[in-house]
Amino acid sequence: MLSLALRGMRTRWVTFVGSFVALALGVGLIATTGLALAATFDAPERGTERFAEARVVVQGTDEVKADTPIGVRTSTLTNPRAVPEKLAAGLATVGPVAEDRTFPVSVPDADRRIGADTALVGHSWAIAAATPYRLTSGRAPTSPGEVVVTTRPGAQVRAGDRIQVVTPEGAGTRTVAGTVPAAGFESAVFFTAAEAARLSPRIDRVTVDADPAAVRAALGTGSGMTVLAGDDRRRADPDPDRDKEALVSVNALLGTAAGITAFVSVFVVASTFTFAVAQRRREFGLLRMAGATPGQVRRMVYAEALVIGVLASGAGCWLGRWAAPRLASWMSGEGLAPTWFRIGEQAWPLHVAFWTGLTVALCGVVVASFRAGRTGPTAALRESAVDSGTMPWSRLLVAAAVLLTGLGLLVMALVDNPGDVLKRKTYITQPMLLIVAMALLAPLLVRPLTRLLTWLPARLPGAVGMLARENAAAGVRRTAAVAAPVIITVALACSLMGTTATINEAKASEARTQTRADYVVSSGDAGRALPDGFVRAARDVPGVTVSTSRSTGVTVLEEGTALVRSEARAVDSGTELSGVSQLPVVAGKLADLDDDSIVVNEEWLTTRVGDRLPVWLGDGRKVNLRIAAVLGIGTGNNGVYLTARNAAGAGVDRVDIKVAAGTDRAAVDRRLRAAGEASGVEVLGAGQWIDEHYPRSSESTRLGLLMILAIALVYTGIALANTLVMATTDRVRDLAALRLTGATKTQVLRLVAVESVMVVVVGAVLGAAVSAVNLLGVRTALGLLDVRSAIVVPWPTVGAVIAASALLAVLAATLPASFALRTRPVELAGMRE
């Protein structure tokens, strides 16, 4: 059987090359994304960065701990406590101390002038000795109007220059007394110790030049402080978990890409191998007539699949090993991954890719080979002329089961928790079952759909439309195999981009509905406070209601076993909040929110108004708060609300301003914009603020989706071309028959091109049906969440995908047909298979 299989592969090399290419590329994609995914499991080991020169660092406890029946559970605090001044003074008796104050600052055009690649922070120069910062020019600041700035190569700022600096107090001009080289963990502006204390009275940390044991003894128990020494000092670095957090997002992105890549690869490879076997019905019929048993036919097919599977999977692994570093480099360059992201030496992704490819190759021929071996010789020869019986009951039952499973899971999600349908993991994976079901049903659907779509073209003058219609309808297997890549391409493009755009538009619509304010001012960066000067100026404007809010968080112990932290907003009072917003309250009243209460949403386990809820606040305090109101879930932005008293340490990062009726709006606008200009913040109308923050995904999210989509589209595009080359090459005798009946070469090529476009349209319609179900599910989920928003269809993306598929299909079909038609029609008609 192996010898016969090798001879058959040499004779039908086009078919086997097509199968080899599809499998090698599929395994290559799985290996590439698998290697990149494996590289996200371990972050690089970094030592202490900012406080590398400090002996001991004292800071507020940054974790909350809870004893549970299954062990101690911890959660990170949003706003760790400050170091009390009295305690800092007491530590001075143990050894020399330096107080660290960190507060947000900004410098106009900072990325160009000083080379800042992160948000700027302010520090006291007194702490510089405990850090890696050393002067490279100028001197230390000695007066309130002087600063030292970090600079990178190419920075324009020099010692003696005057720059504008926006601090929590407001905007002002300061003299650059000196410069220090920028560190990789932050970009900073240093002030004198007295000026830093004035701008930010809160003491974030204290460094102590003493023995750690002596420092712990001086603090005693119950101080709420943590003593960091040795490697633990890294916990005081800016965002010490940034490497792990960056890898979490990269892991999620590559995990999604790997899942979609594996699905697309398996789907297309299985379809290609099945079609390759189905093409050989005449050959199998001849073998059966020559005396081959069904088992021998099957073993020959398995041997061919084994040879191709081993060779193509090996080539795919080599391709993946070559492509993975280039994918990692592109992701780093585009900001999708950290600059240090590199591919490691892991071998398991290659094993997974190799054995997946080999398994798919063998599985892809199981059903087709079983059917080929079971069919009698004369029946096989008869079926080789016209496709019949292309939809066996077994395939129909499997297709129905997959379709019902996909629809059932969607309905269950809508009934159980509509919010789950809006999560990326769900709306990316949801179309998969529907795509498989549509592909399985394709042989049943393509014939009536082809006749429906070509009803008008078939009635136009000339025979091209009629022949294209009949050829596509008669060659069901060929049409279904060519349509399969188009189905997955259109379905993924429309589902990925359309669902994301629909959810973004729904969030924007929800925000417009909930915002009653006329102006919204925000800091733009999470955790960065707005200048106090602007907040005071806004409150001084007559005829306005001002509601300030802060980013914080709360932690609860759910079901006695898991600490769950939720983002929260802290407002001055429920009355002010209800004056500038119209949140979806389903129980209670926003105006009842006070220092002893909390507002939660329906996702919380406890949602009965008046109940007491034990929570840990952002600074670690444990309190029992009364539920004042419950909000609907919406698109996921309706979170938790507290009062400012329960968000100690958090600065105001958003201001909502409502202008009262009868107030001179022009005068209010002038005063607010003047206050914003003086404070260095941008004052936006509510509509403008929503337009800038809600309609679009972040650049990294957009690039990530495009990367996932591009991987799927490129591969399915190649598979489409590959399948069409195989199909067209197998039809040379049909094309020769047309030439012998009087058709010109141009007419034959025109027929092939029209038929290719027709098949692409059929696949696009079936793919659009899958997308319609997915988008309808998202729209239904939004309706159940009381969010009114239209479905957004990415027509340019879908149109580009269909046009590219049509162009590729025409080229892949007409080029081999053109080469084949160079031979005389009589010779082509007499060619043996």
Side-chain angles (χ1 to χ4, degrees), residues 14-15 18 271-272 275-276 278-279 384-388 390 439 442-487 489-490 716-717 719-767 801-822 825 828-829:
V14 173
T15 297
S271 176
T272 302
F275 176 61
Q279 276 186 307
S384 66
V386 178
D387 285 338
S388 62
T390 56
L444 185 66
L445 300 175
V446 293
R447 181 171 288 163
L449 186 58
T450 299
R451 294 191 179 280
L452 175 64
L453 295 175
T454 58
W455 180 84
L456 179 60
R459 281 158 176 74
L460 296 176
V464 172
M466 182 270 294
L467 287 175
R469 177 188 189 185
E470 297 305 321
N471 282 339
V476 173
R477 288 190 178 91
R478 181 180 68 249
T479 304
V482 175
V486 182
I487 293 173
T489 302
V490 173
T716 51
L720 172 65
N722 185 37
T723 304
L724 272 168
V725 169
M726 294 167 57
T728 304
T729 304
D730 198 52
R731 297 177 60 198
V732 292
R733 297 181 66 188
D734 297 337
L735 302 181
L738 287 173
R739 293 280 284 120
L740 290 174
T741 58
T744 65
K745 181 178 179 181
T746 301
Q747 289 175 321
V748 172
L749 293 179
R750 187 184 306 152
L751 171 64
V752 171
V754 170
E755 187 177 338
S756 301
V757 173
M758 184 187 307
V759 175
V760 169
V761 173
V762 170
V765 171
L766 295 177
V801 167
I802 295 175
S805 298
L807 177 61
L808 192 61
V810 170
L811 293 176
T814 55
L815 288 179
S818 178
F819 286 123
L821 290 176
R822 291 181 178 181
L828 286 176

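If you're wondering where the values come from, they're calculated on a predicted model, not measured in any experiment.
Taking each heavy atom of Ala813 and Val752 in turn, the nearest pair found is CB-CG1, 3.5 Å. Shortest non-hydrogen contact noted between Thr814 and Ala753 is CG2-CB, 3.9 Å.
Applying the side chain to side chain contact (heavy atoms under 4.5 Å, CB included) criterion to Ala764, with sequence neighbours excluded, gives Val486, Val490, Ile802. Shown here are the side chain to side chain contact (heavy atoms under 4.5 Å, CB included) partners of Ala806, two or more places apart in sequence or in another chain: Val760. Residues forming a side chain to side chain contact (heavy atoms under 4.5 Å, CB included) with Leu808 (at least two apart in sequence, or on another chain): Ala721.
Between the side chain of Thr450 and the main chain of Val446, a donor-acceptor pair closer than 3.5 Å is present.
To the nearest 0.5 Å, atoms CG (Leu815) and CG (Leu749) are separated by 9.5 Å.
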